[in-house]
Amino acid sequence: MYALVDCNNFYVSCERVFQPRLLGMPVVVLSNNDGCLISRSDEAKALGLKMGEPYFKVKPLLEQHGVQVFSSNYALYGDLSRRVMRVLAQFAPEVEVYSIDESFLNLHELRYCNQTAAEIGADIREAVKLQVGIPVCVGMAATKTLAKLANRLARKTTCGVVVLDSAEDVHAALQATAVQDIWGIGRRLAPKLQAAGVQTAAELVAMPESWVRRHLGGVVGQRLWRELRGEACLTWHPTDEEDGGIAPRRHSVACTRSFGRPQQDATVLSEAVATFITRAAEKLRRQQLSAHLLTVLLGTDRFAPTAGASTHTAVLHLPSATHDTGELLRVALRGLRQLLRPGQAYVRAGVVLSGLEPAGHPQLDLFGATDPARLQRQEQLMQALDCVNRRFGRGMVRYAATGQRSAPWAGRSAFRSPAFTTCWDDLWQVKC
DNA sequence: TCTGGGGTCCTAGGACCC
DNA sequence: TCTGGGGTCCTAGGACCC
């Protein structure tokens with residue numbers, strides 16, 4: 001039996017933990033750059049506000065209904081997420097952190113100690129609410145895909161828990177689920193299924209496997225079909241405890257951002273890319289990884305009436321895998337120079353690091369350019385840098401190439417709440 | 001004026017190898 | 001005149017997820 005625990009309207013719920021006045025009010029949280037709606041309270045959903053809707057388009061509606069608006073505050077959400085996951089770990093020997101707001105629990109080995117699955121689900125909800133203040137829903141079933149489906153149905157119940165442990169329950173749940181609501185059926189596949197006369201999950205399960213394989217993206221669709229029939233096909237990736245974070249081993253690490261306004265100045269763009277590669281290198285070191293492939297990307301306005309290809313990329317190979325900011329910085333700026341077209345305005349830039357391998361076991365490059373003593377000095381420098389920045393705040397010591405702290409490319413973030421749990425200056429002050 | 005960011009997995013096609 | 005089969009690796013692009 002798997003359980004899927006999903007935080008309700010997670011970012012909105014995080015804001016509510018520290019601002020209880022928001023309970024019962026319509027609330028939305030915006031994406032980076034205050035671009036789109038990415039989290040909505042139930043009251044906001046009831047107003048017809050859609051996920052991913054551009055903020056500027058719905059601004060009048062938000063004002064008309066007194067909707068409370070927040071810029072995203074990942075310091076807060078990330079910290080509360082870790083706290084939720086810590087509570088969940090008390091309920092199962094193995095947990096797979098699937099995203100910032102959901103985890104799978106592996107209950108196969110669990111002795112039920114006189115409790116039913118539904119009772120365990122209720123305990124989980126109560127514990128998370130009590131210890132962190134976040135409401136969650138629990139879905140339980142034999143496969144991850146069915147647990148996801150159960151979780152969706154749980155959101156519509158008052159008890160917040162749905163267990164699918166009999167063939168009849170599973171069948172009823174499949175009948176109650178439209179194809180577009182199945183985990184793994186997205187915007188493109190749903191219309192394809194509907195056109196073939198398949199409207200519900202139950203109808204999909206009744207189709208022959210060969211048909212599914214042919215029309216539903218090959219093996220991916222085939223796995224999904226089997227999972228819905230109760231045969232577990234998706235791999236179980238338990239999350240390391242000391243890892244403290246997301247999933248097993250990454251294949252890539254990225255940092256990309258939209259700018260507050262279009263930029264064409266080469267210096268400004270260099271500073272942006274330098275900042276992004278600095279962040280990405282920090283992420284690599286935190287996860288004890290090194291990269292030997294670096295992609296730089298520049299994006300032009302994809303909504304422009306004449307827009308052609310809007311993302312341009314340069315891929316650069318590093319002679320040996322590294323997580324040294326200085327080395328990655330030099331290569332990234334070389335990539336940027338290859339891409340830059342004078343006079344072209346860019347609205348977005350970023351870097352992606354891939355070809356990842358565990359740090360500390362670099363393949364030395366063929367021509368002996370890797371001097372072990374130099375590598376050791378680099379390593380010590382990075383450790384010192386991370387140590388200072390952890391203690392005194394991000395960017396306290398940084399490369400000059402990243403420019404001033406108040407960057408001209410910085411995005412909008414007009415409605416950010418304090419980092420209540422991770423920043424001394426943002427702590428509440430109690431006056432007696 | 002204003003439209004997010006960070007991931008995963010799979011497939012097809014080309015280059016190249018023996 | 002005739003022009004194989006099996007494999008790897010890489011890249012680009014598609015589809016999906018939260």
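Throughout, protein chains are lettered first and strands after them, A, B, ... in sequence-line order, and every chain is numbered starting at 1.
Neither side chain, A:D324 nor A:T322, offers a donor N or O lying under 3.5 Å from an acceptor on the other. A side-chain N or O of A:R285 and one of A:T325 form a donor-acceptor pair less than 3.5 Å apart. No hydrogens or angles considered: a donor-acceptor pair under 3.5 Å links the side chains of A:S417 and A:E15.
Among the nucleotides B:dG5, C:dC16, B:dC2, the one closest to the side chain of A:L189 is C:dC16. With B:dC9, B:dT3, B:dG6 as the candidates, the nucleotide lying closest to the side chain of A:R257 is B:dG6. Between B:dC10, C:dA15, B:dG6, one nucleotide has an atom nearer to the side chain of A:R188 than all others, and that is C:dA15. The listed nucleotides are B:dG6, C:dC18, B:dT3; the one nearest the side chain of A:E102 is C:dC18. The side chain of A:Y98 has C:dC17 as its nearest neighbour among C:dC17, B:dG4, B:dC10. The nucleotide whose nearest atom lies closest to any side-chain atom of A:W183 is, among B:dG6, C:dC18, B:dG4, C:dC18. With B:dG4, C:dC16, B:dG6 as the candidates, the nucleotide lying closest to the side chain of A:N32 is B:dG4.
Cation-pi geometry between A:R213 and A:W211 is not satisfied (NZ or CZ under 6.0 Å from the ring centre, within 45° of the ring normal).
Remark: A:R155 CZ is packed, more than 12 non-hydrogen atoms of other residues, nucleotides or ligands lying under 6.0 Å away.
Within 4.0 Å of A:G184, counting heavy atoms only, lie sugar-phosphate atoms of the nucleic acid but no base atom. Within 4.0 Å (heavy atoms only), A:V315 reaches no atom of the nucleic acid at all. The residue A:N33 sits apart from the nucleic acid: no heavy atom pair falls under 4.0 Å. As judged by a 4.0 angstrom heavy-atom cut-off over every strand, A:R261 is placed among residues making no nucleic acid contact. A:V352 comes within contact range of no nucleotide atom at all, as no heavy-atom separation falls under 4.0 Å. Residue A:I182 is in sugar-phosphate contact alone, with no base atom involved, counting any heavy-atom pair closer than 4.0 Å across all strands shown.
Rounded to an integer number of Å, the gap from A:R279 CZ to B:dG7 C1' is 18 Å. B:dG5 atom P lies 9 Å from atom OH of A:Y74, rounded to whole Å. The interatomic distance linking A:K144 (NZ) with B:dT8 (P) rounds to 14 Å, in whole Å. Computed from coordinates, the A:E53 CD to B:dC2 C1' distance equals 14 Å when rounded to whole Å. The separation between A:I185 atom CD1 and C:dC18 atom P is 12 Å, rounded to whole Å. The CD atom of A:Q222 sits 12 Å away from the P atom of B:dC10 (whole-angstrom rounding).
Two end axes, each from the C1' atoms of five base pairs, can be drawn for the helix from B:dG5-C:dC18 to B:dC18-C:dG5; they diverge by 10°, to 10 degrees.
When the side-chain nitrogen and oxygen atoms of A:S258 are compared with OP1 and OP2 of B:dG5, one or more of them lie within a distance under 4.0 Å. In this structure, A:S252 reaches the B:dT8 phosphate: one of its side-chain N or O atoms is under 4.0 Å from OP1 or OP2. Residue A:T256 has no polar side-chain atom (N or O) positioned under 4.0 Å from OP1 or OP2 of B:dG4. Dashed line: the shortest gap from a side-chain N or O of A:K148 to OP1 or OP2 of C:dC18 is under 4.0 Å. OP1 or OP2 of C:dC18 has not a single side-chain nitrogen or oxygen of A:R152 nearer than 4.0 Å. Between A:H251 and B:dG7 there is no side-chain polar atom (N or O) within less than 4.0 angstrom of OP1 or OP2.
Residue-to-nucleotide proximity on DNA chain B shows that, of A:D34 and A:V219, the 5′-proximal contact is made by A:D34. Positionally, the nearest nucleotide of DNA chain B for A:R348 lies more toward the 5' end than for the other of A:R348 and A:R223.
The residues A:R286 and A:D386 are annotated as not salt-bridged, no charged nitrogen and carboxylate oxygen being separated by less than 4.0 angstrom. Salt-bridge formation is detected for the pair A:R16/A:E43: a Lys NZ or Arg NE/NH1/NH2 atom is positioned less than 4.0 Å from an Asp or Glu carboxylate oxygen.
You'll find the ring centres of A:W183 and A:Y98 inside the 6.0 Å limit.
Aromatic stacking of A:F303 on B:dT3: satisfied, with centres closer than 5.5 Å and planes within an angle under 30 degrees.
Of all heavy-atom pairs spanning A:L164 and A:D169, the tightest one is CD2-O, 3.8 Å.
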